[in-house]
Amino acid sequence: MPSPELLNFRTAVDAYRAKLKDECAAVRDAQGLEDLHHRYLSRKRGFVTALFEDLKKFEAGEKPVAGQLLNGLKVEVQEALTALGGRLKASAKTKVEIDPTLPGERRPWGAAHPLRIFQREIESIFQEMGFGIEEGPEIETDYYNFEALNFPPMHPARDAWDTLYINDNLLLRTHTSPVQIRVMEKRKPPIRIIIPGKVYRRETPDPTHAAMFFQIEGLVVDKGVTFAHLKGTLEYFLKRLFGDKVQVRFRPSFFPFTEPSAEVDIECLACGRKDPACRVCGGTGWKEILGSGMVDPQVFKNVTIDPEQYSGWAFGLGIDRVAMFAFGIPDIRFFYENDLRFNRQFHLK
Ligand code: DAH
């Protein structure tokens, strides 16, 4: 049977061992390490040193046992403090390697793509007028892209939209107009929205054609909406975009989903309507910017909005084409080549 003294001694040794572990974990710097060293191993006051004093009390029979316990603790303390010293040195070293006087790592700022800049500009003009923004899917059904917009099946008007079909029923939308239908199906008037998005056509790329490009659609539906609202709003919009003085003209046109329909031109900013040989406007003096019109009553019927009660107008414009004109960009393909030297050149005043 070990004596009560030996049992007590063992408890004390174990307690210091546990305490040491916690204390080591709390040390953050060299000073802390030194304090710890002092408290455990100092010749005069160290816990371990004091325990060595206690050894004297043991009988010859138990002394070696107690001595072994204590030596074990001492070795553990020394090893723990050495390891702690190593850990502190390693973290101090990493700290020194950071030179706070060096300039920070430069992260190149991304810049908005010119098309996006232009899209946002258009969006903000309409948002100021109280329009909301809606989006729709790029893969559409024949119904939304054509039929609900009053293009009957096999109707020749479909030929004007060179369509990329996925199968008999699915296609890549050729315009943002199908989103008009989707919105009117789920929401009753008043509606005042614009719809930006990508559209796709079966085009051979050339300076003015791309197989994918961007449009913005607009739709207003309410009681008592007239062509005067269409005209006033679009004129205001174009003057905000191109400047107060810009001349705007409306030409009669045809779209299956609007009646009457109008195309809207602005004067050629490149030649000021003065150069019969102008490359930008082909000498006509005008540049077509968008298509528009009063929503056809048949379209309202297709979404169960009563055309006797409600009327509306809509428009659609190609963002690429308008941006090319505004920025003087000669080739639509520049937008899609990801050449930063090109992309960085454009911002609105
Ligand atoms: N969706 C037509 C196109 O892609 C543009 C358009 C014309 C949209 C008249 C309209 C509109 O909403 O009223 O050519």
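- A ring-centre distance under 6.0 Å is not found for Phe300 and Tyr310.
- Between the CD atom of Glu185 and the OH atom of Tyr144 there is a distance of 3.5 Å, given to the nearest 0.5 Å.
- Ring orientation note: the planes of Phe250 and Phe227 are nearly perpendicular, at an angle over 60° on the 30°/60° scale.
- Inspection of the Ser3 and Glu59 side chains reveals no N or O donor paired with an N or O acceptor under 3.5 Å.
- Under 3.5 Å, the side chains of Gln78 and Tyr40 contain no donor-acceptor pair of N or O atoms.
- With hydrogens and angles disregarded, no donor-acceptor distance shorter than 3.5 Å links the side chain of Thr176 to the backbone of Gln215.
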Working note: Asn302 + Tyr143, criterion side-chain hydrogen bond (donor to acceptor under 3.5 Å, both in side chains); need CA distance, chi angles, decisive distance, verdict.
CA-CA 11 Å; Asn302 294 344; Tyr143 178 77; 5.3 Å; no
Determine, step by step, whether Leu36 and Leu81 satisfy the side chain to side chain contact (heavy atoms under 4.5 Å, CB included) criterion, reporting the C-alpha distance in whole Å, the side-chain angles of both residues, the deciding distance to 0.1 Å, and the verdict.
CA-CA 8 Å; Leu36 205 57; Leu81 294 182; 3.7 Å; yes
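- Of the N and O atoms on the side chains of Tyr200 and Asp162, not one donor lies less than 3.5 Å from an acceptor on the other residue.
- A salt bridge is absent between Arg249 and Glu267: the closest approach of a Lys/Arg side-chain nitrogen to an acidic carboxylate oxygen does not fall below 4.0 angstrom.
- Residues Val220 and Leu317 are members of one and the same hydrophobic cluster, defined by side-chain heavy-atom contacts under 4.5 angstrom among Ile, Leu, Val, Met, Phe, Trp and Tyr.
- Under 3.5 Å, the side chains of Asp206 and His209 contain a donor-acceptor pair of N or O atoms.
- Aromatic ring orientation, Phe325 versus Phe242: tilted (interplanar angle from 30° to 60°).
- His113 and Phe335 have tilted rings, their planes meeting at an angle from 30° to 60° on a 0 to 90° scale.
- The CH2 atom of Trp286 lies 4.0 Å from the CZ atom of Arg273; values are rounded to the nearest 0.5 Å.
- For Trp161 and Phe151, the distance between ring centers is under 6.0 angstrom.
- Remark: the backbone N or O of Ala262 is paired with a side-chain donor or acceptor of Ser292 at under 3.5 angstrom.
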